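Everything quoted here is computed from the prediction, not taken from an experiment. When a ligand or atom number is given, it counts from 1 through the structure's own listing order.
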Amino acid sequence: VERYNPKESEPKWRAVWDERKLFQTRNDDTRPSYYVLEMFPYPSGRIHMGHVRNYAMGDVVARYKRAKGFAVLHPMGWDAFGLPAENAAKQKKVHPREWTYANIAAMRSQLKSMGLSLDWSRELATCDPSYYRHQQKMFLDFLKAGLVDRKTAKVNWDPVDETVLANEQVIDGRGWRSGAPVEIRELTQWFFKITEYGQELNDALDGLTRWPDKVRLMQKNWIGRSEGLLVRFALESNAAKQDEVEVYTTRPDTLFGAKFVAVAPDHPIAKAIAAGNPELQAFIEECKRTGTAQEAIDKAEKLGFDTGLRAVHPLDPNWTLPVYVANFVLMEYGTGAIFGCPAHDQRDLDFVNKYGLGNIPVVAPEGTDPAGFVITDIAYDGDGRMINSRFLDGLTIAEAKEEVARRLENEIRGNRPVGQRKVNFRLRDWGISRQRYWGCPIPIIHCSDCGTIPVPDADLPVKLPDDVSFDKPGNPLDHHPSWKHVACPQCGKPARRETDTMDTFVDSSWYFARFTDPWRTESPTDRKAVDRFLPVDQYIGGVEHAILHLLYSRFFTRAMKKTGHAGLDEPFAGMFTQGMVVHETYRAANGDWVEPGNVRIEVSGTDRRGFDVETGAPIEIGPIEKMSKSKKNVVDPDDIIASYGADTARWFMLSDSPPDRDVIWTDEGVQGAARFVQRLWRLIGEIAERTHGKAGKPAQIGDVALALRKASHRALDAVGADIERLAFNRCIAHIYTLTNAIGKALDAAAEKPELGADMAYALLEAATIITQLVAPMMPHLAEECWHALGQPGLVGEASWPNAEPALLKDDSITLPVQLNGKKRAEVTVPADADTMAVEAAVHANEAVQRALEGRSIRKIIVVPGRIVNVVV
Ligand code: ANZ
Ligand code: ZN
């Protein structure tokens, strides 16, 4: 048999699939549908190994479900708006559109070389007006439905580049490009009212049973539903022009441990006091420089400014607390004010330790001596019982929360209760305004007379102008000479276009719905198509999108339901997050990172040493890390596909580790996969040669042939079940097992000049089955094998075979035998043995006889399939 040559085979089969339109799904296909989707890529320029892994997995599911008779929807597109295109425009002087479409072309051909069973007729790019016009339409529909808001919000402002920075573009408080200290500015922005769905987005997570628990938990934490209490603290003086401050707390049980009250730097109380206090003004300015990123706020030192105000403790009129302005209290959450209980909250403890306010522990772990329970540097946020808390002493935390809430709800001051229960969400409304060029224009016109006016449907899309300059700082749309100047659609007077574009997360929040009918021009979706294909049955992507992208898509789907563009709440019935592709890192003596291709590894025993391929200089082998350009430990999919073929790359990606774990890319691993390709090809070739592709089912099947048939059908059964579970590495293990069984059977057959009819039958069956089993993973090789075996048509068109139940049954089972309750022996009996047969086997068993020591059996109790109890 000749060696299998992927370079010849792979393009050949892809051309055949294309010509037969094998992977195009028709919307009028009446079979049950199955929608498998991998997160669409950002067209950065080249695909990386993470894409290969992601798409290889999705393709296994798509090909398998297709063989199972589903109308499979498996589309691909491009998440094509975003900042990198603008950066390229600045740095390389290419237009973002050109840059983006060139990248798409390059990546499309790379993806095609992987042999993915994608329906390319549905390809879409979010930067195309044929896509974003519908997004503009939905924005306007959401606006009408009351799901859009316009309000001010804080942004990171780069004063040199005159641009708003995303949180990740702020590095140590400075703009990533200009290096200038970032300022916080208040801008009027557009928001989607995702908070209206906070409760629902939280509760519906429980129904998403085919999502990883980890992802559901991440979403819950992000939504951050908490049950707490609003508490009004009276102020002793009216210096801040108000007589009370309301705080939000989730721990009203800890009220007797309170040491201070604190308000956000932009709280009305802070502003009022600052009006006559330059020092406080300076402090507030300093707080603004921390940036808006949660992480930055968490990491920053806890700073406060004593306003001199005193707040009265709500449970003791004779007890007052100092009121601070503190940098760790956010205006956007709760009421923008807190009471601090340092013993049980780390931030509060750090704060009091800095300002010398002390602490009183009020919760002690069950069984500790309250007198000896002292807090110094580490706050205690665990369970326990109340101490130092007057009427609460001895209660559990839950009981104390309830008691405090009850009391304060019943205490009336100025016609209102002092305490009020409140459910709070950490989730904020989704600010979608971006002051950038390369995004979907927000279809709004500002008129000084009429206000904010929606662009009329007939004027959609609002297209991006082509002739923009990136030389000036700021938003190119804003300083374009003519684009923003339009007539007001209502009064006709000169008006101004909204120059903000939408957050690119909007683009990816509904593309899965657009794929169901991407050709449609009159509306974003066709309800028939959406109803037919959604929800996505299996969504696959990186865990880095486990929070925002999925949450926004869940919101968007609900908003689309409200506006009639879809008819369901949850877009993704099944979700899977794959692990990363990782690789060893290498460093030269001078500390420089070295690419894997320039390192030769010598292995002796467990010792591995690296050497520069050219100079022979020693190279240090570093830790295994996520492939990244900065550490140069990337392997380019193109190189791998060029030297080994797409099938080998796919096979190795799927074989090595469970799909949710990281996979370590190694040369040895790829070579192992490449050897398997050749081995399978040889086995198939031999079988084709010896059977001539023909073998009827004989009446008699001998033991050897039967064993092979069983191996085939078991593998068939197990691989199907494991694909359903997305346990691809286990599928591959089953395929290896079957390969070995085929190898053995062929060896045995090699000794005989003539193949028995039963062996010929079993071998051909095994060859056919294994070809179908590898087809979802190595589709090109499988076609070549299918062809070599003389099978009709394409394996890509063949139905998934059914395992014969009779061949799956275990022939024999082993049962433990207990004598008076102690295990003394085992008997092996035919799987279908009846009670009589099992009893006979027990009597005949030597170990049982020995254990009886001459006593006689009184009774045998057989629990079928489980255990045998012998009473003596
Ligand atoms: C007193 C207390 C005692 C608190 C204690 C915690 C522990 P979650 O669960 O995330 O909702 N908080 C309230 N509003 C805040 C704001 N605007 N900025 C910063 N922190 C704020 O968190 C609620 C808790 O976070 C509240 O309960 C409050 O501190 C703080 F041992 O009140 B707690
Ligand atoms: Zn007007």
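For the pair Arg347 and Asp350, the salt-bridge criterion is not met [side-chain N within less than 4.0 Å of a carboxylate O]. By the 4.0 Å N-to-carboxylate-O rule, Asp141 lies close enough to Lys137 to be salt-bridged with it. Salt bridge status for Lys154 with Glu183: absent, with no side-chain N to carboxylate O gap under 4.0 Å.
Note: Trp430 and Tyr552 meet the aromatic proximity criterion, with ring centroids under 6.0 Å apart. Residues Phe256 and Phe391 bring their aromatic ring centres within 6.0 Å. Taking the six-membered ring for Trp, Phe260 and Tyr355 have ring centres at least 6.0 Å apart.
Looking only at protein heavy atoms, the nearest one to atom 3 (C) of ligand 1 is Thr254 OG1, 3.3 Å. Tyr248 O, 3.7 Å is the protein heavy atom nearest to atom 28 (C) of ligand 1. Protein heavy atom nearest atom 21 (C) of ligand 1, with residue, atom name and distance: Ile338 CG2, 3.3 Å. Annotation: atom 6 (C) of ligand 1 to nearest protein heavy atom, Asp345 OD2, 3.4 Å. For atom 19 (C) of ligand 1, the nearest non-hydrogen atom of the protein is Phe328 O, 3.4 Å. Regarding atom 11 (O) of ligand 1, its nearest protein heavy-atom neighbour is Tyr333 OH, 2.3 Å. The protein atom (non-hydrogen) at minimum distance from atom 17 (N) of ligand 1 is Leu330 O, 2.7 Å.
In terms of N/O distances under 3.5 Å, ligand 1 is approached by Thr250. Considering both main-chain and side-chain atoms, Thr249 comes within under 3.5 Å of ligand 1 through a nitrogen or oxygen pair.
Considering Thr501, Asp500, Asp478 in turn, Asp500 is the only one that fulfils the side chain to side chain donor-acceptor pair (under 3.5 Å) rule with Gln435.
Across the listed options Arg347, Arg251, Arg426, Arg347 owns the non-hydrogen atom lying nearest to atom 25 (O) of ligand 1.
Below 4.0 Å from some heavy atom of Val329 lie the following atoms of ligand 1, by number and element: 16 (C), 17 (N), 18 (N), 19 (C). Close approach of ligand 1 to His344 (heavy-atom distance below 4.0 Å) involves ligand atoms 5 (C), 7 (C), 31 (F). Atoms of ligand 1 lying under 4.0 Å from at least one heavy atom of Cys341, given by number and element, are 3 (C). Within ligand 1, the atoms closer than 4.0 Å to a non-hydrogen atom of Phe339 are 1 (C), 32 (O), numbered from 1 in the order shown.
Between Phe192 and Phe556, the ring planes are perpendicular. Angles over 60° get that label, and only those under 30° would be called parallel.
Using a 4.0 angstrom heavy-atom cutoff, Gly334 does not count as in contact with ligand 1.
Note that Arg426 lies in the cation-pi zone of Tyr333, set by a 6.0 Å cut-off to the ring centre and a 45° limit from the axis.
Using modelled atom types and a 3.5 Å distance limit, the side chains of Gln242 and Asn238 yield no donor-acceptor pair.
Angle SG (Cys450) to the Zn ion (ligand 2) to SG (Cys491): 110°, rounded to 10°.
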